[in-house]
Amino acid sequence: MVRMGVIASAPAKVILFGEHFVVYGEPSIVLAIDKRAYATVDRRDDKRIHLQSANLGFAGFFEDENFKVEKGDAKEARMRFEAIKLAAEKVMKTCGEDVGLNIEINSTVPVAAGLGSSAAVIVAATAATGSLLKAKMSREDVFRIACETEKVLHGTTSGVDPAISTFGGALLFQMDTGFKPLEVKADIQLVVGDTGVQRSTRVQVEKVRGMMENYPNIFESLQRAAREIVLKAIDIFRVKDLVTLGELMNINHALLYALGVSDESLEWLINASRKAGALGAKLTGAGGGGCMVALAKNERTELVMDAILRAGGRPFIAKKTDEGVKIEHP
Ligand code: PMV
């Protein structure tokens with residue numbers, strides 16, 4: 001009999017407001033979107049943790065602390081797999097197990113693009129391993145493990161990505177107070193544009209830290225402005241005022257530009273979508289490439305997508321999903 005293993009999935013996300021400033025304790029607004037990462041986990045007869053990623057074209061295994069690559073670049077594969085292995089080990093620790101595992105990742109989320117693909121993968125792998133080993137884990141446990149693990153990949157992070165991948169929906173997230181589900185009345189039609197430029201969250205977060213250290217007073221003013229944008233946006237979500245929401249996105253992008261995390265590839269797509277009639281557009285996630293997001297009225301969506309395509313990006317419509325981490329096959 002062929003065993004299928006346990007399959008879990010978790011959504012990617014779009015940060016609508018507050019990225020980067022969230023690392024310094026400010027609130028942020030984030031939506032889970034209808035692109036998911038899937039992890040299939042099964043037991044092995046030996047103690048190896050074997051990983052493979054169909055999308056990245058990597059395969060290899062950890063045995064004790066050694067990594068052996070089977071497919072792809074060894075350094076890159078190890079870097080991507082290390083966090084997943086760590087998450088699986090943390091799950092094993094919670095239930096007193098020490099077994100070998102096959103972990104297979106399949107994801108429809110663009111990688112290193114600001115949509116939280118690594119968090120979605122880690123959350124899915126954590127939940128699938130927990131379910132396979134019958135660990136008694138709540139969603140909060142999955143979030144905690146994914147959060148601790150993500151730091152290995154990205155350095156100082158706020159935890160916003162693992163939070164939204166675990167819980168789904170729309171969240172107001174702040175580091176010290178945690179997350180609160182946010183009621184979004186407006187029918188938000190988001191167009192995401194992928195520049196195709198891969199970047200590292202860690203590098204962008206460090207760049208912002210440099211800004212904060214070199215210009216503390218200026219940084220503080222930008223930080224205050226970012227907070228005001230989020231507070232205003234919370235009210236706007238209740239009254240379905242898309243025009244104001246778009247303007248707030250534009251102002252938020254200007255703050256991120258001031259921090260130095262936009263780049264030419266993002267600016268092309270953002271300007272193109274504004275010209276095509278988007279109500280607002282901004283980079284999303286860490287910046288330095290990756291994705292931008294535009295808000296458009298339904299009748300303008302096609303035009304905005306077309307403009308992004310002509311400006312060299314890969315556009316797609318992102319719909320909010322309420323489905324957080326989920327066991328697809330027990
Ligand atoms: O680009 P992403 O999906 O890794 O998002 C990073 C979001 C930051 O605010 C820049 C960092 C963080 O940990 O919150």
Side-chain angles (χ1 to χ4, degrees), residues 10-33 35-37 79-80 83-84 107-124 143-144 146-168 171-179 190 192-212 219 222-223 226-227 229-230 249 252-253 255-263 265-266 269 282-293 318:
K13 62 97 202 359
V14 165
I15 300 182
L16 265 192
F17 299 104
E19 52 269 270
H20 283 293
F21 297 100
V22 69
V23 176
Y24 298 88
E26 299 303 333
S28 60
I29 294 177
V30 57
L31 304 186
I33 59 168
K35 282 207 179 285
R36 302 182 76 84
M79 199 261 290
R80 298 254 165 228
I84 304 170
S107 174
T108 57
V109 187
V111 175
L115 302 180
S117 75
S118 57
V121 164
I122 293 168
V123 166
F143 166 58
R144 182 183 41 78
C147 219
E148 289 167 8
T149 310
E150 211 211 13
K151 290 196 172 19
V152 175
L153 260 187
H154 296 329
T156 318
T157 52
S158 64
V160 64
D161 285 13
I164 193 70
S165 272
T166 306
F167 298 100
L171 295 179
L172 175 66
F173 179 85
Q174 197 162 6
M175 267 163 85
D176 52 357
T177 52
F179 40 83
L190 294 174
V192 173
D194 186 357
T195 62
V197 177
Q198 293 200 357
R199 82 295 171 281
S200 139
T201 298
R202 182 190 282 269
V203 170
Q204 300 304 316
V205 167
E206 277 166 12
K207 190 190 264 183
V208 172
R209 182 161 299 279
M211 276 289 198
M212 192 269 290
F219 186 81
L222 297 175
Q223 200 175 340
R227 187 187 319 147
I229 291 171
V230 171
M249 287 170 73
N252 193 156
H253 180 72
L255 298 182
L256 293 164
Y257 187 93
L259 290 182
V261 293
S262 190
D263 77 342
S265 67
L266 284 163
L269 305 194
K282 63 182 278 291
L283 71 82
T284 184
C291 288
M292 49 72 68
V293 56

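All values below were derived from every heavy atom in this structure, side-chain atoms included, with hydrogens, water molecules and symmetry-related copies excluded. Counting starts at 1 for both ligands and their atoms, following the listed order. Sequential numbering from 1 along the given sequence is applied to the chain's residues. Predicted model, so just to flag it, every value in this text is computed and none were measured.
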State the atoms of ligand 1, each with its element, that fall below the 4.0 Å cut-off from a heavy-atom position in [X].
{"X": "Leu115", "result": "3 (O)"}
{"X": "Val160", "result": "14 (O)"}
{"X": "Thr201", "result": "1 (O), 2 (P), 4 (O), 6 (C)"}
{"X": "Val22", "result": "9 (O), 14 (O)"}
{"X": "Gly285", "result": "1 (O), 5 (O)"}

Taking the side chain as everything from C-beta on, heavy atoms only, tell me whether [X] gets closer than 4.5 Å to [Y].
{"X": "Ile29", "Y": "Leu171", "value": "no"}
{"X": "Asn252", "Y": "Glu19", "value": "yes"}
{"X": "Thr284", "Y": "Cys291", "value": "yes"}
{"X": "Leu222", "Y": "Leu259", "value": "yes"}
{"X": "His20", "Y": "Val205", "value": "yes"}

Inset, instruction - Would you kindly specify which portion of Val23 sits under 4.0 Å from ligand 1, judged on non-hydrogen atoms: side chain, backbone, both or neither? - result: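 Only the side chain of Val23 comes within reach of ligand 1.
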
Inset, instruction - Check whether more than 12 heavy atoms from other residues, nucleotides or ligands sit under 6.0 Å from atom OH of Tyr24, and answer yes or no. - result: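 Yes - once you tally the heavy atoms of other residues, nucleotides and ligands closer than 6.0 Å, there are more than 12.
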
Inset, instruction - Just do the side-chain contact (heavy atoms from CB on, under 4.5 Å) check on Glu26 and Val230 with the steps written out, would you? - result: CA-CA 9 Å; Glu26 299 303 333; Val230 171; over 6 Å; no

Would you call [X] a ligand 1 contact, heavy-atom distance under 4.0 Å?
{"X": "Lys13", "value": "yes"}
{"X": "Ile15", "value": "yes"}
{"X": "Gly290", "value": "no"}

Legend entry - Identity of the nearest option to atom 1 (O) of ligand 1, non-hydrogen atoms only, from Glu19, Gln204, His20, Arg199: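 Minimum heavy-atom distance to atom 1 (O) of ligand 1 goes to Arg199.
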
Legend entry - Selection from Ser158, Ser117, Ser28, Ala119 by shortest heavy-atom distance to atom 12 (C) of ligand 1: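 Among Ser158, Ser117, Ser28, Ala119, the closest heavy atom to atom 12 (C) of ligand 1 comes from Ser158.
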
Inset, instruction - Please lay out, stage by stage, how Val14 and Leu115 fare under the test side-chain contact (heavy atoms from CB on, under 4.5 Å). - result: CA-CA 6 Å; Val14 165; Leu115 302 180; 4.1 Å; yes

Legend entry - Aromatic plane relationship, Phe167 with Phe179 - under 30° parallel, 30 to 60° tilted, over 60° perpendicular: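 Phe179 and Phe167: tilted rings.
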
Legend entry - Heteroatom proximity flag, Val205 to ligand 1, N/O under 3.5 Å: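 Checking ligand 1 against Val205, no N or O pair falls under 3.5 Å apart.
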
Inset, instruction - Report yes if Gly116 has an N/O atom closer than 3.5 Å to an N/O atom of ligand 1; otherwise report no. - result: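 Yes: some nitrogen or oxygen of Gly116 is under 3.5 Å from one in ligand 1.
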
